[in-house]
Structures are given as C-alpha cells and as structure tokens.
Amino acid sequence: MPNPKQKATVVIYWHRTDLRLHDSPALQAALSLNPTTFIPLWTWDPHYVYKSRVGPNRWSHLLQSQTDLSKSYKALNPHQKLWVVREAPQTVLPKLWARWGVTHLVFEKDCDAYARARDEVVVRLAEEAGVEVIVRSGRTLFDVDEIVAKNGGKATMSMAQIEKAVEKIGKPDRPVDAPTAIPDPLEWDGMDLTGVEEEGDGVLEDGVDVNSVHRSGTDKQYAGIMGPGRDFGVPTLEEIGIDAGDVRTPHCGGESVALRLLARCIADEEYIGRFEKPNTSPAAFEPQSTTLLSPHLHFGTLSVRKFWWDVQDVMERRRKAKKSNASIPTNLPGQLLFREMYFAAHAAVGEPFCRTYGNPMVRFIDWHLQSKSPEEIAHGDAGDKLYEVDSDEAEVWFLRWKEGRTGFPWIDALMRQLKQEGWIHHLGRHSVACFLTRGGCYVSWERGAEVFEEMLIDHETACNIGNWMWLSCTAFFAQFYRCYSPITFGKKWDPEGNLIRRYCPELAKFDKKYIYEPWRAPIADQRKWGCRVTGDGSSSTNEDGNIYPKPMFDFDQRRTICLDAMKNAYHVGLHGDDKEVKDGSWRKAFGLDEGGKRPNKKQKT
DNA sequence: GTAATGTTGCGTAA
DNA sequence: TTACGCAACATTAC
C-alpha cells in the first residue's frame, strides 16, 4: 500500500503497441511503482490514425482490441477503463501531466522510425515537466536495438544474421504474469478535462501542427478531447466516420480472442511441432492453414514472448516423447524470428527503411509508378499523386490489381479476399506481390506496400516493407528468376479452384480445367456456366449477364520483359541512397528518354 | 578464390 | 513423386 506520508505516485500507463494485460513488462514496471493513482491511457496518434491509411477492417480490429482491454481493466477494478484521449500525444500529454499531477509515464518501447521521433519529443517534454519516464521492451522477443548492436550495428539482412545475433543475447525472457489488481484512477472531478482542449493550439515548438487533421472540419474523428460522451470512451465506428457495412472481416480483435486462438493452436501439438510455413496452403480458407495470430501481434493483444514460449514448451514435450519437430526457419519460432529480423532492420536503418529514396539497403529498379521524392511531396509539387505516372498502361494494371480485376482469377481472388477480410496467407501475398512488381506489372513495390498497409488487419510496417522488398528482389532476396505464375502456383495448392470460386463467385460454375484460365473456355461453355469472359472488369455485368475480365496482359510475355528488365537493373546496380536516385540522373543509367519512357531496344544482358 | 546455401518457382522428363 | 535445367543473385563457409 502507498505510504500516505509520501508524495502521491500518479502513473500514466500509455498503451500503444500493447493492447493487453498479459506478459507486459512495461505494465508490470508501472504497477510495481505501487501507484496511488493509475491511468491506462490511449492517445489518438496522428501518424497511426491519419498519416498512414487504415482501412475499415483494421480500424474495427483496433476498436475491438481497445474495447476488450477496457473491459479487462474494469473487471479488475470497476473504477477503471482504457481512457481514450483524442489528441496527439506530443501536445496532450504535457496538459495531462499538469492537470492530473502525474509523476510517472510508462510505456512499451517502439522502434518504428516515426514512433522514435514521437517518443523523443514526449520524453524531452516529460523531463522538462519533471515527469519520470519508464520504457520497457516487450513488443518483440528481444530488444531490437540490442539485436542491431549484436549484428555490428548493421541491419539484419538474412536469417543467418538474425540467428547469430540473437544467439549472442540468449533466450527470450519468459512471460510475466498479468496483474490481478489495478489501482484507482482519480475521482471524476480530477479526471475531467473540460476546458483542456482549449489550452494551447496543439502546435509543437518546431512549427509542426500534429493536430491539424483534428481541426480540419473534414474529419469527424475529433469530437472533443474526451469524446462525444465526454467519458474517454473507446470510439465507435460512427465516431471515426466508418460505415459499419464496410467492415467485412470475419477476424475479431482483442486480447481475450487472441488468448483463446493461441490456446486452440497450442492444444494441437502435432500442428505446432510439425508446422512448416512453405507447406501450408495459401488457398485454404475456413479454416485457414496458418494461425491467424498476426493481427494480434500487431495490436499487442498477444505477447510474442508468450507465443514463443508456448510453442517452445510444446516442442520440448515432443522432444521428450521422441517426436520430431520442424526446424528454423520454416517452423513457428522461425516465423517469429523473421519478424525480429524485419524489426531490427527497420530499427537499424531508421526512417528511410520505409521507402526506396535515400535507403542504402534497397536496390533501385526502374519500376513504373516510381515514388516522387520526399522533397517534391513536401514542397507540394507532387500534385494529386505521390508517384510518377511514367506509363498509363502500368497505372491501369496497378488499379486493376488493387481492385481484383486483372483477369487472372488466382490474383483477383486473393486481392478480393484481402479487401474483404483484411488477411491473406503469406504465400498468397507472395503471389500478388511478385505479380505487381518483378513478375508481371513491373510496378514499384512501394505502390503495393501502400495497398497492403491500407487493407491488412495485421499490417506491421517493418514486416510489410521488408516482405515487399523481399518479393520485389530489392533487398533480403535476389533470385528474381524464380517467378510465381498466376496460373500454376495456385493450381498446385488448389486444383479445384475453390479459393477462386469463393472470392470470384461469377466463375463458380467453371470447370476446373478452365478455372485458372477462364479466357480459354469455349464461348458455349462460358454461356453454360453463366459468365462471359470479356471487357476490363470495370463492370461485372453486361447484356449477356455476368462477366469476368479478360487477362490484362499476356503473362508469359510480361514475365520475359520483366526478367530482362530486372537483369538490366541489377547490372546498373544502383541503390536508394545513390546520388543518381536523388538527382534523377538514374534515367540516363537505365537508357530511358527524357520523359522517362522506355525506348524500344533490347536491354543489355 | 571456389563451392555451398538460401523459408516458400516452373516446366519437363523419367 | 522426384530430379534436373533454366540462367544465375548474394552471402557464407571453406
């Protein structure tokens, strides 16, 4: 119990990447302060909420996770909840410290580039205000800064490197217990922030207005600092301005869901022990072939260390029973190590990690729809598009890819599953990413990463960017001659085409002989099966009834063109931080004309 | 320096 | 089902 003679200990626990109570080292550190007052807080983060595009499915997942956490707090202490404050942390936290008499700020370490910049500001302001800051690692198996240090300060670029680096650190810590009691917040009069939103204008010292979107008037998300009910409640979809009908994912968020899901996976010891990612089917749905735990790792509704150790314990029991386990990197612990690898690479490179421009670790390729430079965008010279439209044809391909109307059913089914449900299997992501970049459209991986960022419920910046680099052969992986076919690859897993029938229902009656290449079906059969293959997919019916688009290009032709172009780009050998990339002279190195168009000549081999 | 290796390719032959 | 050529990258082990 707190000693009444001592100064009150008023602790804000700032939830960000950790919407859970179980195995949270930072939460444990906060509670071990033995607070007289404890305030579990969520601040509306302008980066998460506005800058990055978040689709309805991920929004829904976030709000479900917050609701679940809030309930768990309430179950431990009826006066408690997750207190949601609708303002950017950099501007609102100092106001809260003053108003609530805060002595300590505690949070889980976040090494994403934008988060580090944000947290540096917050920590500096806390020091100025005399608030003690406590930070603990817990989002990853290891402190990623320590991984980077053990890798010689360099980005971890391969499984071998990450394995060596973590070997030097040892085993991840075992999970810590969830709290069994939570101290009270302030009395309501103390919590009430009436008038606080008017204090200050929300602009940081360097002139950056982190709350501009709040006040823009075009966004409904800011209904006062305490929310429309003036009770710090978790926002509703309506408050965010999302139509509930747009939330179509069947996957649910929240710590309690995560722990149930994990327990169900762990109970199947054969599945856990023998799991090998490349042997799980990208075409499986209901049930999917993998664990579906990735969204919970993203929101921190599941502790990655609990996942790791629950799996390790199963494998240990199997070893003792003389049963064999799959090994790194294809097994479950291997999957978690890939996550560490991408986090550590992001931590080592910092802000340029998320793009090509200025990024030393990424190859520069003469993609279509290349990103404009940050300077152009910052100066407002970029116009309405943040990428260069060097080819109208490629932009059409990109939009058709995004909307799932390429005319290749395997690609379209996956992209429609992604849009509807916010999740597709890892190998499905490989298929569509290869198709958009080096194995079809030759469109910049950055365009694809943006679409995934918007649509995936498990979107994790480091993993998403890293995987797009991998698939586009710009970093981590270089065997660009291994190209996924939009026809063969799916067929290998799903010869009946059940995934296609599910997500492209207009093709549901097609014979399996044509399901991956419906344009080859005779017209009479197309009529019989109730869907004509014609047009570009801009509408789903015509006077003949249902229609499905013709393929938007000859894949074999495009594969050859892309392969030659990749060979040439590797020969040119530029990287994101080379001066030719910064000053635009890369076009000359690639033999492109002034308008950036490709001359019709054979590429150098 | 050379050879082996790298979570997850495809098409063809046996 | 397995093996190999395809045309060939980067890293690591030796």
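A:T17 meets the side chain to side chain donor-acceptor pair (under 3.5 Å) test with A:E108; sequence neighbours excluded. By the side chain to side chain donor-acceptor pair (under 3.5 Å) test, A:Y516 pairs with no residue at all, sequence neighbours left out. Among residues two or more places apart in sequence or in another chain, the side chain to side chain donor-acceptor pair (under 3.5 Å) test is passed with A:E316 by A:R319.
Taking atom CZ on A:R438 and atom C1' on C:dA8, their separation rounds to 13 Å, with Å as the unit. The interatomic distance linking A:N568 (CG) with C:dA7 (C1') rounds to 16 Å, in whole Å. Summarising the geometry, the separation between CD on A:Q335 and C1' on B:dT7 is reported as 7 Å, rounded to the nearest angstrom.
Within the nucleic acid shown, A:M159 comes within 4.0 Å of sugar-phosphate atoms alone, with no base atom in reach, counting heavy atoms only.
B:dT7 and C:dG5 have their P atoms separated by 23 Å, given to the nearest Å. Here the separation of B:dT5 from C:dA7, taken at their P atoms, is 23 Å to the nearest Å. Rounded to the nearest Å, the gap between the P atom of B:dG6 and that of C:dC6 is 23 Å.
Proximity of A:D511 to A:W529: side-chain heavy atoms (C-beta onward) are separated by under 4.5 Å at one or more points.
Considering all non-hydrogen atoms of both residues, A:S444 and A:T437 come closest at C-CG2, 4.3 Å. Between A:L507 and A:I500, the closest heavy-atom pair is CD1-CG2, 4.0 Å.
Of the side-chain N and O atoms in A:K567, one or more sit less than 4.0 angstrom from OP1 or OP2 of C:dA8.
A:Y548 has its ring centre no less than 6.0 Å from the ring centre of A:F510. Aromatic rings of A:W410 and A:Y503 (six-membered ring for Trp) have centroids beyond the 6.0 Å cut-off, not under it. Here the two rings, on A:Y387 and A:Y357, have centers that are 6.0 Å apart or farther.
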Polar atom pairs between nucleotides 11-14 of chain C and protein, under 3.5 Å, N or O only, would you list them?
residue	atom	partner	partner atom	Å
C:dT12	OP1	A:Q161	NE2	3.0

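For the strand DNA chain B, secondary-structure stems (runs of at least three Watson-Crick or G-U pairs, all distances below 3.5 Å) span B:1-6 with C:9-14, B:9-14 with C:1-6.
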**OP:** Sugar-phosphate means primed atoms, P, OP1 and OP2; the rest is base. With that split, encode nucleotides 8-14 of chain B 5' to 3' as B, S or - using protein heavy atoms under 4.0 Å.
**Re:** BBSS---

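No side-chain donor from either of A:Q288 and A:H425 sits under 3.5 Å from a side-chain acceptor of the other.
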**OP:** Go through the steps to decide whether A:F435 and A:M415 satisfy the test side chain to side chain contact (heavy atoms under 4.5 Å, CB included), and finish with yes or no.
**Re:** CA-CA 11 Å; A:F435 184 85; A:M415 291 306 293; over 6 Å; no

